[in-house]
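Side chains are part of it too, since the values below use all heavy atoms of this structure and drop only hydrogens, waters and symmetry mates.
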Amino acid sequence: MSTQPEPWSREVFEEKLRGKSSSYHIHHPFHVMMAQGKLDAAQLRGWVANRFYYQISIPRKDAAILANCPDREIRREWMQRILDHDGHGDDEGGIEAWIGLGQAVGLSRDDITSLRLVAPAARFAVDAYVNFARQATWQEAVASSLTELFAPHIHQQRIDTWPEQYPWVDPAGLQYFKNRLTQARRDVQHGLNLTLDHFSRTRALQERALEILQFKLDVLWALADAILLSQCEIEIKGPKRG
Ligand code: AHQ
């Protein structure tokens, strides 16, 4: 006699994954202030510089998934994510586009690539994600990427609001967000299908997938916390002298 509750249907399971949108970082005070045009230039630059550490970590996270995944067909499709960020052929890739975003908000290439502006807690949040992908099963690491179910909304919000709220930012810098609108939708369809396939077998697995998604939502939330706090520290200590 099984005491385990029956697994949810595939549709209900997907609804429950999507139902976690209320924890997405679009609702974080920092991103709310960004959308409302309340960030000053230093705060916007700080966000771009800190988020660069997340961007350069994504391909290494995806490489960890490839390393753990024995299925050639899945690897062939998942590999596209690394190419999207690292670039391939004539396509400079998303990491280069993020550097372009940094230059559009007034940072130098070295300000960004040196990582000297990255706050310790921001680094820890991102490292928690990469280390999870290295140590978890490839299916669990795939499930953790599903925060991108909610990403098109935040990318579109920046595309819509920055030109009006931050007219001093070179609009060419928004190209990264425009690229992610299609890439995120494609990626998340693949990740969602893999997650629904693997985790739908038992209710315990389904609950585990929700727990993993919440972990990654907390990574993004903690990253925004770190960025917001690092800017308060600048205010407390005053701008760096010299
Ligand atoms: O630019 C982002 C990106 O390339 C990715 C990959 C994906 C993953 O594998 O976890 N998640 C993700 C995200 C990106 N941008 C974030 C943003 O707010 O700009 C959103 C983030 C995500 O929702 O996970």
Ignoring hydrogens, what is the shortest heavy-atom contact between [X] and [Y]? Give both atom names and the distance.
X	Y	answer
His190	Ile74	CE1-O, 3.9 Å
Trp78	Gly191	CZ3-CA, 4.2 Å
Thr195	Ala209	CG2-CB, 4.4 Å
His28	Leu228	CE1-CD2, 4.1 Å
Trp221	Ser23	CE3-O, 3.6 Å
His85	Pro59	CB-CG, 3.5 Å

Would a hydrophobic clustering, with Ile, Leu, Val, Met, Phe, Trp and Tyr connected at side-chain separations under 4.5 Å, put [X] with [Y]?
X	Y	result
Val188	Leu181	yes
Val12	Leu192	yes
Leu196	Leu149	yes
Met79	Ile56	no
Phe124	Phe52	no

So, for Phe132 and Phe215, is the gap between ring centers shorter than 6.0 Å?
-> yes

Criterion side-chain contact (heavy atoms from CB on, under 4.5 Å) on Arg10 and Asn193, from CA distance to verdict = CA-CA 10 Å; Arg10 195 180 172 89; Asn193 288 337; 4.1 Å; yes

Min side-chain heavy-atom separation [X]-[Y] under 4.5 Å:
X	Y	answer
Gln80	Glu77	no
Leu17	Phe199	no
Thr202	Gln4	no
Phe30	Asp225	no
His31	Leu220	no
Tyr24	His153	no
Trp162	Leu174	yes
Gln43	Asp40	yes

Applying the ring-ring contact (aromatic ring centres under 6.0 Å, His included) test to Trp47, which of Tyr54, Tyr166, Trp98 qualifies?
-> Trp98

Quick one: pull up [atom1] in [X] and [atom2] in [Y] and give me the separation to the nearest 0.5 Å.
X	Y	atom1	atom2	result
Lys216	His25	NZ	NE2	8.5 Å
His198	Ser200	NE2	OG	10.0 Å
Arg45	Leu39	CZ	CG	12.0 Å
Thr113	Leu107	OG1	CG	10.5 Å
Gln214	Ile212	CD	CD1	12.0 Å
Gln156	Phe177	CD	CZ	11.5 Å

Could you walk me through whether Leu213 and Thr147 pass side-chain contact (heavy atoms from CB on, under 4.5 Å), step by step?
-> CA-CA 7 Å; Leu213 181 53; Thr147 45; 3.8 Å; yes

Strictly below 4.0 Å, N to O, side chains only: are [X] and [Y] in salt-bridge contact?
X	Y	result
Asp127	Arg134	no
Glu211	Arg208	yes
Arg203	Glu207	yes

Would you confirm whether Arg75, through its side chain, and Leu66, through its main-chain N or O, come within 3.5 Å as a donor-acceptor pair?
-> no

Return yes if some donor-acceptor pair links the side-chain N/O of Asn50 with the main-chain N/O of Ala119 below 3.5 Å, else return no.
-> yes

Quickly, which of Thr161, Asp160, Ile159 forms a side-chain contact (heavy atoms from CB on, under 4.5 Å) with Gln157? Name it, please.
-> Thr161

Take Arg76 and Arg72, measure what side-chain contact (heavy atoms from CB on, under 4.5 Å) needs, and give me the verdict at the end.
-> CA-CA 6 Å; Arg76 278 165 60 98; Arg72 177 168 170 252; 3.8 Å; yes

Yes or no on side-chain contact (heavy atoms from CB on, under 4.5 Å) for Tyr129 and Leu223, after CA distance, side-chain angles and deciding distance?
-> CA-CA 11 Å; Tyr129 183 31; Leu223 182 52; over 6 Å; no

Aromatic rings Tyr176 and His155: how do their planes relate, parallel, tilted or perpendicular, breaks at 30° and 60°?
-> perpendicular

Heavy atoms of other groups near Arg123 CZ, more than 12 under 6.0 Å | yes

More than 12 foreign heavy atoms under 6.0 Å from CD of Glu164: is that the case here?
-> no

Answer yes if the side chains of Arg180 and Gln183 hold a donor-acceptor pair under 3.5 Å, and no otherwise.
-> yes

